[in-house]
Amino acid sequence: MTTPDFTTNVASTVDRPLRRKARELTLEQAREVIEFTEHAVLSTCDSEGNPYGVPISPVLVGNVLYFHATAQPGGRKADNMLMNPRVSVCFIGKATTLPEWYSVDFASAVVTGRASPVTDKDEQIRAWTAILKRHAPKNSAERNSVQGRVRGPLAMIWKIEIERITGKARGAAKWEAGKSLTEVQDMGPSEWLKGVPL
């Protein structure tokens, strides 16, 4: 195996296009991945550039992601976002290993944007309601009200105002809304594996 030269002379990669265009999802398809995926990984950085990734359970409302965290001070996630509001969220909607093809049938989306605590009371209520509807859709309004009353004061609602959404899937060329995230899309072997016995 060869070792590629990964040196670069650019200052930023923020606007770099997806390299494998055949696997690029449309904005609508990437949003489908986000709406389908219950959990994601939030990546933050402190003011010195130290990275930190942590799971969250977000909900997409328009062009904003909402999620909750503790309201207790001193959390690394919150402190990072207060120091540096630029964040990234990675959603893995599907990841089925295809060992015979040395590949994965995957679908993912990445959101970049700016995070901030939600301080407006009306927006807090709307966000909390959206979070409960997303993650506890069968619970009664009474149960949700009790949860909000008891646990709500211990939580802080954050929002990410989305600046960019990108998506990628092995089966992007054969994407079917409502189907591609729940069924394996076997794209078959790479050219070099055709005819080679398993």
Side-chain angles (χ1 to χ4, degrees), residues 4 13-44 53-69 86-115 123 126-141 144 157-198:
T13 61
V14 71
D15 293 321
R16 185 169 291 173
L18 188 65
R19 187 176 54 83
R20 299 186 73 174
K21 284 292 189 185
R23 295 189 175 181
E24 187 172 21
L25 295 176
T26 66
L27 177 59
E28 182 179 285
Q29 292 164 344
R31 287 179 70 93
E32 183 182 353
V33 172
I34 293 167
E35 290 170 355
F36 177 83
T37 309
E38 292 187 0
H39 311 289
V41 175
L42 169 71
S43 295
T44 64
V54 63
I56 59 171
S57 301
V59 61
L60 179 63
V61 179
N63 203 43
V64 174
L65 284 176
Y66 290 106
F67 62 96
H68 73 283
R86 297 171 65 191
V87 299
S88 175
V89 184
C90 179
F91 297 81
I92 300 175
K94 177 171 67 168
T96 305
T97 302
L98 305 172
E100 65 276 26
W101 306 140
Y102 305 96
S103 190
V104 176
D105 177 28
F106 70 91
S108 62
V110 175
V111 166
T112 54
R114 294 187 178 267
E123 187 178 11
R126 288 194 306 272
W128 185 254
T129 301
I131 290 169
L132 291 177
K133 184 177 178 183
R134 172 72 173 111
H135 297 291
K138 295 182 180 178
N139 290 354
S140 68
N144 287 343
I157 305 294
W158 288 82
K159 68 179 175 182
I160 298 170
E161 295 180 86
I162 297 172
E163 295 174 348
R164 186 175 184 195
I165 299 175
T166 58
K168 189 175 174 183
R170 185 172 196 262
K174 294 184 177 182
W175 189 271
E176 292 182 56
K179 187 175 179 182
S180 291
L181 283 165
T182 58
E183 297 180 9
V184 174
Q185 290 182 284
D186 190 345
M187 302 296 286
S190 300
E191 284 296 319
W192 59 88
L193 291 173
K194 287 183 179 176
V196 179
L198 289 173

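Count residues from 1 along the sequence. These numbers were taken from a predicted model, which means no experiment stands behind them.
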J.: Does any non-hydrogen side-chain atom of Arg31 lie less than 4.5 Å from one of Asn63?
T.: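 They are in contact (side-chain heavy atoms under 4.5 Å apart), so the answer is yes.
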J.: Keeping the roles fixed (side chain from Ser190, backbone from Leu193), state whether a donor-acceptor pair exists under 3.5 Å.
T.: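 The answer is no, because no donor-acceptor pair under 3.5 Å joins these two groups.
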J.: Quick one: does Arg114's side chain have a donor or acceptor within less than 3.5 Å of a partner on Glu163's backbone?
T.: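 No, the answer is negative, given that no donor and acceptor are paired below the 3.5 Å cut-off.
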J.: What class does the angle between the rings of Trp128 and His68 fall in, given that below 30° is parallel, 30 to 60° is tilted and above 60° is perpendicular?
T.: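 Because their plane-to-plane angle is over 60°, the rings of Trp128 and His68 count as perpendicular.
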J.: Give the C-alpha distance, both sets of side-chain angles, the deciding distance and a yes or no for side chain to side chain contact (heavy atoms under 4.5 Å, CB included) between Thr44 and Val54.
T.: CA-CA 8 Å; Thr44 64; Val54 63; 5.9 Å; no
J.: For the atom pair CH2 (Trp101) and CG (Leu198), what is the distance rounded to the nearest 0.5 Å?
T.: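 If I round to the nearest 0.5 Å, the distance is 6.0 Å.
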J.: Evaluate Arg126 against Val61 for side chain to side chain contact (heavy atoms under 4.5 Å, CB included), listing each step before the verdict.
T.: CA-CA 10 Å; Arg126 288 194 306 272; Val61 179; over 6 Å; no
J.: Mind checking whether Trp175 and Glu28 have side chains closer than 4.5 Å, heavy atoms only?
T.: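 Heavy-atom side-chain distance check fails, nothing below 4.5 Å.
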J.: Closest approach of Arg134 and Val59, non-hydrogen atoms and distance?
T.: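 In terms of heavy atoms, the two residues are closest at CB-CG2, 3.7 Å.
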J.: If you look at every heavy atom in Ala109 and Ala30, which pair is closest and at what distance?
T.: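 Heavy atoms of Ala109 and Ala30 come nearest at CB-O, 3.7 Å.
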J.: Under 3.5 Å, is there a donor-acceptor pair between the side chain of Ser180 and the main chain of Ala177?
T.: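 Absent.
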J.: Ignoring hydrogens and angles, tell me if any N or O in the side chain of Arg164 forms a donor-acceptor pair with the backbone of Val14 under 3.5 Å.
T.: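 Checking the backbone N and O of Val14 against the side chain of Arg164, a donor-acceptor pair under 3.5 Å is found.
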J.: How long is the straight-line distance from OG1 of Thr166 back to CZ of Arg16, given to the nearest 0.5 Å?
T.: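 Here the interatomic distance stands at 13.5 Å.
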J.: Check side-chain hydrogen bond (donor to acceptor under 3.5 Å, both in side chains) between Lys194 and all other residues, then give those that pass, not counting sequence neighbours.
T.: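 side-chain hydrogen bond (donor to acceptor under 3.5 Å, both in side chains) check on Lys194 returns Glu191.
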J.: Working to the nearest 0.5 Å, report the span between NZ of Lys179 and CD of Glu32.
T.: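 Rounded to the nearest 0.5 Å, the NZ-CD separation comes to 12.5 Å.
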J.: Given Ile165 and Ile34, is the side chain to side chain contact (heavy atoms under 4.5 Å, CB included) satisfied, shown in steps?
T.: CA-CA 10 Å; Ile165 299 175; Ile34 293 167; 3.9 Å; yes
J.: Ignoring hydrogens, what is the shortest heavy-atom contact between Ser57 and His135? Give both atom names and the distance.
T.: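 So the minimum-distance heavy-atom pair works out to O-NE2, 3.2 Å.
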J.: For Ile160 and Leu42, work out which heavy atoms get closest and say how close.
T.: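 Result for this residue pair: CD1-CD1, 4.0 Å.
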J.: Measuring from Gln185:CD to Leu98:CG, what's the distance to the nearest 0.5 Å?
T.: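 Going from CD on Gln185 over to CG on Leu98, the span is 10.5 Å.
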J.: Tell me whether Lys21 is salt-bridged to Glu24, with the criterion being a basic N under 4.0 Å from an acidic carboxylate O.
T.: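 Salt bridge present between Lys21 and Glu24.
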J.: As a quick check of understanding, evaluate side chain to side chain contact (heavy atoms under 4.5 Å, CB included) for Ile162 and Leu60, giving each step before the final call.
T.: CA-CA 10 Å; Ile162 297 172; Leu60 179 63; 3.7 Å; yes
J.: Please check if the number of heavy atoms outside Ile92 that lie under 6.0 Å from its CD1 is greater than 12.
T.: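 No, the 6.0 Å shell around CD1 holds no more than 12 heavy atoms from other groups.
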J.: For Ser88 and Val110, work out which heavy atoms get closest and say how close.
T.: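 Nearest heavy atoms, Ser88 then Val110: OG-CG1, 3.5 Å.
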J.: Using side-chain heavy atoms (C-beta onward) and a distance below 4.5 Å, is Phe91 in contact with Leu65?
T.: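 They are in side-chain contact.
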J.: For the pair Lys94 (side chain) and Val33 (backbone), establish whether a donor and an acceptor sit closer than 3.5 Å, ignoring hydrogens and angles.
T.: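 No, because the side chain of Lys94 does not come within donor-acceptor range (under 3.5 Å) of the backbone of Val33.
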J.: Please name the pair of heavy atoms, one in Val64 and one in Lys159, separated by the smallest distance, quoted to 0.1 Å.
T.: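 The answer is CG1-CB, 3.7 Å.
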J.: What residues form a side-chain hydrogen bond (donor to acceptor under 3.5 Å, both in side chains) with Lys138, not counting sequence neighbours?
T.: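 Not a single residue meets the side-chain hydrogen bond (donor to acceptor under 3.5 Å, both in side chains) criterion with Lys138.
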